[in-house]
Amino acid sequence: MVKPLEYLTYRGGPGHWSWILHRLAGVGVFLFLLIHIVDIALIGWGPKVFNKLLFLYRAPAFRTGEVLLVGAVLYHAINGIRICIIDFWPETMALHRKLTYAVGIIFVALFIPTAIYMLSFVVK
Amino acid sequence: MQVTLRIKRFNPEKDKEPWWGEYKFAAEPTDRLLDALNYVKWYLDGSLTYRRSCAHGICGSDAMQINGSNRLACKVLLMNLGQKITIEPLRGYRVIKDLLVDMDAFLAKYRSVRPYLVTHTPDPEKERLQSPADREKFDDTTKCILCGACTSGCPSFWADGEYVGPAAIVNAHRFLFDSRDEGGEDRMQVLNTLDGVWRCRTIFNCVEACPREINVTRAIGEVKKALLYRKI
């Protein structure tokens, strides 16, 4: 069968890369949700235990990770809308390359200022 | 021009692992890749194995992975590939030898969608008529030559060999949208499943790979939509 790394060596079109990014972003968000469920559940042990964990969220590495998380959610959402559009209106598939590039442009336009804003708090 | 063909070789009777064979020779820039493969086989290494038949992009025999993308060797010119060309067998199929892959499972899936006109009503006196507008609905999907480039370029197929695959869906589309056909219900048993059209993730590798320029993903999308709104 095809090995995981071979998914990266096939030279498909922009749709191939957009699918890989969509998967990675989806898995990333899912993994964060698992951590998030655990930390929220800790409130059951009272405010002391819960507050103890907050140091983790204030750590620079975690806050940088949060920027990536926002990027993953943003990309997954915008690309998801593109997939919904082409699924419900197959005639738009004639424009599939342009739609994929449009997702990239919208993502960059929204993510770059957001990332700069979020990282400014990490630097402070 | 000087070209170097880097070909993934594998003979299950002799080799434990696939290996890369390199063949350097002079060729015309306007030669097709198939001409270059023939040169290797006829003058440099007669043991090289690959499929070819018509050599004019009609039979669909010589689909292979060329510089990372699925193409027909008879439809690409050397001048468009560069001097170093990497050739591998189609992905996702069992390699019989070198570039020759086992297409049995692929063709079994093709047959599973009943790719022929199915009718239940009595035959008319003369013929089953169809308007040009109705004929237009499936024009694109009549062009498939069953080369397997689309299915082999599909990551959904790489992950799940049971997926019926783009080629079979294209051929199902050709009859599902034929106003004379009455076999939609039978085909739905194959297509309206997890390993049917719903395995497609609209990645468009099939569209990029198709040597006949069929908008494969659109055909799959039309089948999905027809299923969703129960139009079949």
Side-chain angles (χ1 to χ4, degrees), chain A residues 1-31 33 71-108, chain B residues 8 18 65-71 81 86 88-95 105 137 140 149-163 173 177 197-198 200-210 213-229 231:
Chain A
M1 253 357 259
V2 177
K3 293 171 190 141
L5 273 181
E6 287 179 328
Y7 283 72
L8 302 174
T9 58
Y10 186 83
R11 279 179 55 195
H16 182 69
W17 293 106
S18 120
W19 170 76
I20 288 174
L21 283 174
H22 194 80
R23 272 289 153 104
L24 289 175
V27 170
V29 173
F30 175 71
L31 290 177
L33 277 177
V73 171
L74 203 57
Y75 181 79
H76 203 77
I78 301 167
N79 197 47
I81 292 169
R82 175 185 71 91
I83 294 167
C84 290
I85 290 171
I86 56 180
D87 263 346
F88 281 97
W89 294 278
E91 53 276 15
T92 59
M93 288 189 195
L95 303 166
H96 78 92
R97 274 174 171 260
K98 286 180 184 160
L99 283 170
T100 309
Y101 296 140
V103 167
I105 292 166
I106 296 168
F107 170 74
V108 169
Chain B
K8 199 173 197 179
Q65 198 175 299
I66 301 163
N67 282 351
S69 311
N70 288 351
R71 298 274 182 272
L81 293 171
T86 305
E88 295 167 71
L90 290 177
R91 285 183 186 198
Y93 306 129
R94 184 179 66 86
V95 176
K137 286 178 189 165
D140 199 33
C150 57
T151 300
S152 159
C154 173
S156 298
F157 172 69
W158 301 340
D160 175 11
E162 294 302 310
Y163 173 36
H173 177 283
F177 289 86
V197 288
W198 306 113
C200 168
R201 298 288 185 267
T202 53
I203 300 166
F204 291 97
N205 274 5
C206 48
V207 180
E208 307 278 349
C210 181
E213 292 172 4
I214 301 171
N215 196 334
V216 184
T217 313
R218 178 170 181 171
I220 299 173
E222 285 175 357
V223 175
K224 279 180 184 170
K225 203 174 165 187
L227 275 171
L228 192 65
Y229 297 113
K231 281 187 181 164

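We name chains A, B, ... by the order of the sequence lines, and we start the count at 1 in each one. Basis for what follows: all heavy atoms, side chains included, without hydrogens, waters or symmetry-related copies.
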Next on the checklist: For B:Ala159, which atoms come within 4.5 Å of any heavy atom of chain A: side chain, backbone, both, or neither?
Outcome noted: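 Answer is both: backbone and side chain atoms of B:Ala159 are under 4.5 Å from chain A.
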
Output the donor-acceptor atom pairs between chain A and chain B under 3.5 Å, with atom names and distances to 0.1 Å.
unit_1, atom_1, unit_2, atom_2, d
A:Glu6, O, B:Arg91, NH1, 2.5
A:Glu6, O, B:Arg91, NH2, 3.4
A:Tyr7, OH, B:Ala159, N, 3.2
A:Thr9, OG1, B:Arg91, NH2, 2.8
A:Tyr10, OH, B:Asn70, N, 3.1
A:Arg11, N, B:Gly68, O, 2.8
A:Arg11, O, B:Ser69, OG, 2.8
A:Arg11, NH1, B:Asn67, O, 3.1
A:His16, ND1, B:Asn205, ND2, 3.0
A:Phe88, O, B:Lys225, NZ, 3.2
A:Arg97, NE, B:Glu208, OE2, 3.4
A:Arg97, NH2, B:Glu208, OE1, 2.9
A:Arg97, NH2, B:Glu208, OE2, 3.2

Checklist entry - Within a radius of less than 6.0 Å around CG of A:Leu8, do more than 12 heavy atoms belonging to other residues, nucleotides or ligands occur? => result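 Yes.
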
Item to check | Separation of A:Ile86 CD1 from B:Phe204 CZ (nearest 0.5 Å) | outcome: 4.0 Å

Checklist entry - Listed by chain and number, what are the side chain to side chain contact (heavy atoms under 4.5 Å, CB included) partners of A:Leu31, not counting sequence neighbours? => result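 In terms of side chain to side chain contact (heavy atoms under 4.5 Å, CB included), with neighbours along the sequence ignored, A:Leu31 is linked to A:Val27, A:Leu34.
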
